[in-house]
Amino acid sequence: MLGTIINQNPSKAAPVLTRTNNPNSEYIQRLRAQGKATCFEDVKEVGSAEAEFDLALVESQTVEGHPLPGMAVVRADDRTAFRQVGDTFKLIQPRDLLNVANEIRARTGAKLSQCRALKHGRHIAITLVLPGEETIGRDVNLKTVRIFAANDGTGSAKFEAIAHRLWCRNAYQMVISGSRAGNSTTERTVRIWHTESGVDVIKTAGAVCNFLLPSIDAFRAEFERLVARPVSRPQLSDFYRLVAPPPAHPGPGASEEAMKKYDRACAKGNDRVSAWTQNFLREVNEGFPASAWLAVNSVTEWAQHQYEPAGWLKNPEAREYAVLPGGTAYAMTAAAREAGLSLLN
């Protein structure tokens, strides 16, 4: 089935869309009319009011009607309790995150394009867009830094260098948290935990920037290597298997329910690969070389824009969470990048 999907004729893909980075072109003007940034100058700055609140540690709180023994994280302004935390937990204040963001702005001239307090402040998501675009041929990428922090004890504060591809708005994490042991990818994502030493580090905004900002300089070299690596149909098939390995057969004598579960997983996987392949073929049909770069973007486009995360119709924040650390789209983007880099070996 996978071979059939991969060997589709590019001529059957979507009609050719003329894409250019000419600022006066009809395509660029249409993107701008939709409110989409096509370069750094297009980025509209936002305010930081959503993240301008304080957190506190308070004893004997109640969350959703359930009493919490010990200490709990609360918003200091309205006393909303988030979650019980351990004795060693230390607060990373949203204002400290903003201080890092402001340090990046001061050093680079970046613009604050997003500042969100999700779930009433349980999580903070901040995005900065840096001046200058990375242009590889006709492919334009905006350089960004994302700050994501869990204020409820469920995770660390993370700082990542990310590129956003102009044409499809795909996000490409330059450095991925939690790279597997032995992987050649250097992990430079700044991850700061809610400990006493972590709080000391994050209060030194310059130190965070010194560690993070050099990652952005590596964008162009990595992009050029991926663009220069041709990908054949068999290699594309292998690439997709690396991103999402097929489900394991339950084996002889498996129950009817186990076989049904296996068949559903296979069907779901085939549908996913079919969507990735259509994304890939569409870009080939538009004149882009069949490369590792297109293979990676065929997956990230699906993960970040076409995939429907659970509950997304009822929860307006579901799609935002999917592309943030810990989300399904984020994990798929990380897997696509690692699979793409494996093609370079």
Peer 1: In this structure, would Leu226 and Leu242 fall into the same cluster of hydrophobic residues linked by side-chain contacts under 4.5 Å?
Peer 2: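 In one cluster with Leu226: Leu242, no.
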Peer 1: Before you tell me yes or no, could you show the steps for Phe280 and Tyr240 under side chain to side chain contact (heavy atoms under 4.5 Å, CB included), namely the whole-Å CA-CA distance, both residues' side-chain angles and the distance that decides it to 0.1 Å?
Peer 2: CA-CA 11 Å; Phe280 183 88; Tyr240 288 151; 3.8 Å; yes
Peer 1: Hey, does Phe89 have a side-chain heavy atom less than 4.5 Å from the side chain of Arg83?
Peer 2: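 No, their side chains stay 4.5 Å or more apart.
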Peer 1: In Å and rounded to the nearest 0.5 Å, what is the OG1 to NE2 distance from Thr154 to His123?
Peer 2: 3.5 Å
Peer 1: What verdict does the salt bridge (Lys or Arg N to Asp or Glu O under 4.0 Å) test give for Arg282 and Glu286, after you've listed the backbone C-alpha separation in whole Å, the side-chain angles of each residue and the deciding distance to 0.1 Å?
Peer 2: CA-CA 6 Å; Arg282 185 190 67 246; Glu286 291 168 5; 3.8 Å; yes
Peer 1: I want to check something: taking the side chain as every heavy atom from C-beta on, are Val299 and Phe239 in contact at a cut-off of under 4.5 Å?
Peer 2: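 Side chain of Val299 against side chain of Phe239, heavy atoms only: contact under 4.5 Å found.
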Peer 1: When rounded to the nearest 0.5 angstrom, what is the spacing between OG1 in Thr144 and CG in Leu128?
Peer 2: 8.5 Å
Peer 1: Taking the side chain as every heavy atom from C-beta outward, state whether Asp238 and Arg241 have any atom pair closer than 4.5 Å.
Peer 2: yes
Peer 1: Looking only at heavy atoms, what is the nearest atom pair of Val243 and Ala336, with distance?
Peer 2: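 In this case the closest contact between Val243 and Ala336 is CG2-CA, 3.9 Å.
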Peer 1: Is a side-chain N or O of Gln93 found less than 3.5 angstrom from the main chain of Asp54, in a donor-acceptor match?
Peer 2: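 Not a single qualifying donor-acceptor pair exists.
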Peer 1: Identify the residue among Leu55, Val58, Asp152 that makes a side chain to side chain contact (heavy atoms under 4.5 Å, CB included) with Val73.
Peer 2: Leu55
Peer 1: Step by step, would you call Val100 with Glu103 a side chain to side chain contact (heavy atoms under 4.5 Å, CB included)?
Peer 2: CA-CA 5 Å; Val100 176; Glu103 176 76 13; 5.5 Å; no
Peer 1: Mind listing the closest non-hydrogen atom pair of Trp276 and Ala244 along with its distance?
Peer 2: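 Shortest heavy-atom contact: CH2-CB, 3.9 Å.
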Peer 1: Answer yes or no: is there a side-chain heavy-atom contact under 4.5 Å between Gln304 and Thr300?
Peer 2: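 Sidechains of Thr300 and Gln304: in contact.
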Peer 1: Please round to the nearest 0.5 Å and tell me the distance separating atom OG1 of Thr108 and atom CG of Leu130.
Peer 2: 4.0 Å
Peer 1: Just by distance, no angles: are the side chains of Asn102 and Arg105 close enough, under 3.5 Å, to form a donor-acceptor pair?
Peer 2: yes
Peer 1: Is the Tyr307 ring parallel, tilted or perpendicular to the Trp302 ring (thresholds 30°, 60°)?
Peer 2: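 The rings of Tyr307 and Trp302 sit tilted, inter-plane angle from 30° to 60°.
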Peer 1: For residues Asp271 and Lys268, determine if any side-chain heavy atom of one lies less than 4.5 Å from a side-chain heavy atom of the other.
Peer 2: no
Peer 1: Under a 3.5 Å threshold, yes or no: a donor from one side chain and an acceptor from the other, between Ser237 and Arg233?
Peer 2: no
Peer 1: Are a donor atom and an acceptor atom from the side chains of Ser298 and Glu283 found within less than 3.5 Å of each other?
Peer 2: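 Side chains of Ser298 and Glu283: no pair found under 3.5 Å.
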Peer 1: Is there a side-chain contact between Pro289 and Pro230 (heavy atoms, below 4.5 Å)?
Peer 2: no
Peer 1: Between Glu45 and Lys111, is the salt bridge (Lys or Arg N to Asp or Glu O under 4.0 Å) condition met? List the steps.
Peer 2: CA-CA 6 Å; Glu45 287 210 84; Lys111 294 180 180 180; over 6 Å; no
Peer 1: Give every residue pair that meets the ring-ring contact (aromatic ring centres under 6.0 Å, His included) criterion with at least one member in residues 241-265, sequence neighbours excluded.
Peer 2: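 ring-ring contact (aromatic ring centres under 6.0 Å, His included) check on residues 241-265 returns His249-Tyr262.
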Peer 1: Could you check whether any side-chain N or O of Arg229 sits under 3.5 Å from a backbone N or O of Leu343, counting only pairs where one atom can act as donor and the other as acceptor?
Peer 2: yes
Peer 1: Looking only at non-hydrogen atoms, find the nearest pair between Arg75 and His120 and report the distance.
Peer 2: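 What the structure gives for the nearest pair is NH1-O, 3.0 Å.
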Peer 1: For side chain to side chain contact (heavy atoms under 4.5 Å, CB included), just list the numbers for Phe159 and Leu97, CA-CA rounded to whole Å, side-chain angles, deciding distance to a tenth of an Å, and then say yes or no.
Peer 2: CA-CA 10 Å; Phe159 302 78; Leu97 303 176; 4.0 Å; yes
Peer 1: Please answer whether the main-chain N or O of Val273 pairs with a side-chain N or O of Thr277 as donor and acceptor at a distance below 3.5 Å.
Peer 2: yes
Peer 1: Given 3.5 Å as the limit, does a donor-acceptor pair link the side chain of Glu52 with the main chain of Arg95, or not?
Peer 2: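 No: the side chain of Glu52 does not pair with the backbone of Arg95.
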Peer 1: Minimum heavy-atom separation for Ala295 and Leu236, please, with both atom names.
Peer 2: CB-CD1, 3.9 Å
Peer 1: Could you grab the distance from atom CG of Leu112 to atom CD of Gln114, nearest 0.5 Å is fine?
Peer 2: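 So the gap between those two atoms works out to 8.5 Å.
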Peer 1: Who passes side chain to side chain donor-acceptor pair (under 3.5 Å) against Asn151, sequence neighbours left out?
Peer 2: none
Peer 1: Between Ser291 and Val231, what is the shortest heavy-atom contact and its length?
Peer 2: C-CG2, 3.4 Å
Peer 1: In Å and rounded to the nearest 0.5 Å, what is the CG to CD1 distance from Asn99 to Ile104?
Peer 2: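 So the CG of Asn99 and the CD1 of Ile104 are separated by 11.5 Å.
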Peer 1: Do any N or O atoms from the side chain of Ser342 and from the backbone of Ala339 form a donor-acceptor pair under 3.5 angstrom?
Peer 2: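 A pair under 3.5 Å: yes.
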Peer 1: Sequence neighbours excluded, which residues qualify as salt bridge (Lys or Arg N to Asp or Glu O under 4.0 Å) partners of Arg272?
Peer 2: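 Salt bridge (Lys or Arg N to Asp or Glu O under 4.0 Å) check on Arg272 returns nothing, list empty.
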Peer 1: Could you state the interatomic distance from NZ (Lys143) to CD1 (Ile162), rounded to the nearest 0.5 Å?
Peer 2: 14.5 Å
Peer 1: For Ser113, does its backbone N or O pair with a side-chain atom of Thr127 as donor and acceptor, under 3.5 Å?
Peer 2: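 A pair under 3.5 Å: no.
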Peer 1: Which heavy atom of Cys115 sits nearest to which heavy atom of Ala51, and what is that distance?
Peer 2: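 That would be SG-CB, 3.6 Å.
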Peer 1: State, yes or no, whether a side-chain contact exists between Ile126 and Ser48 at a heavy-atom distance under 4.5 Å.
Peer 2: no
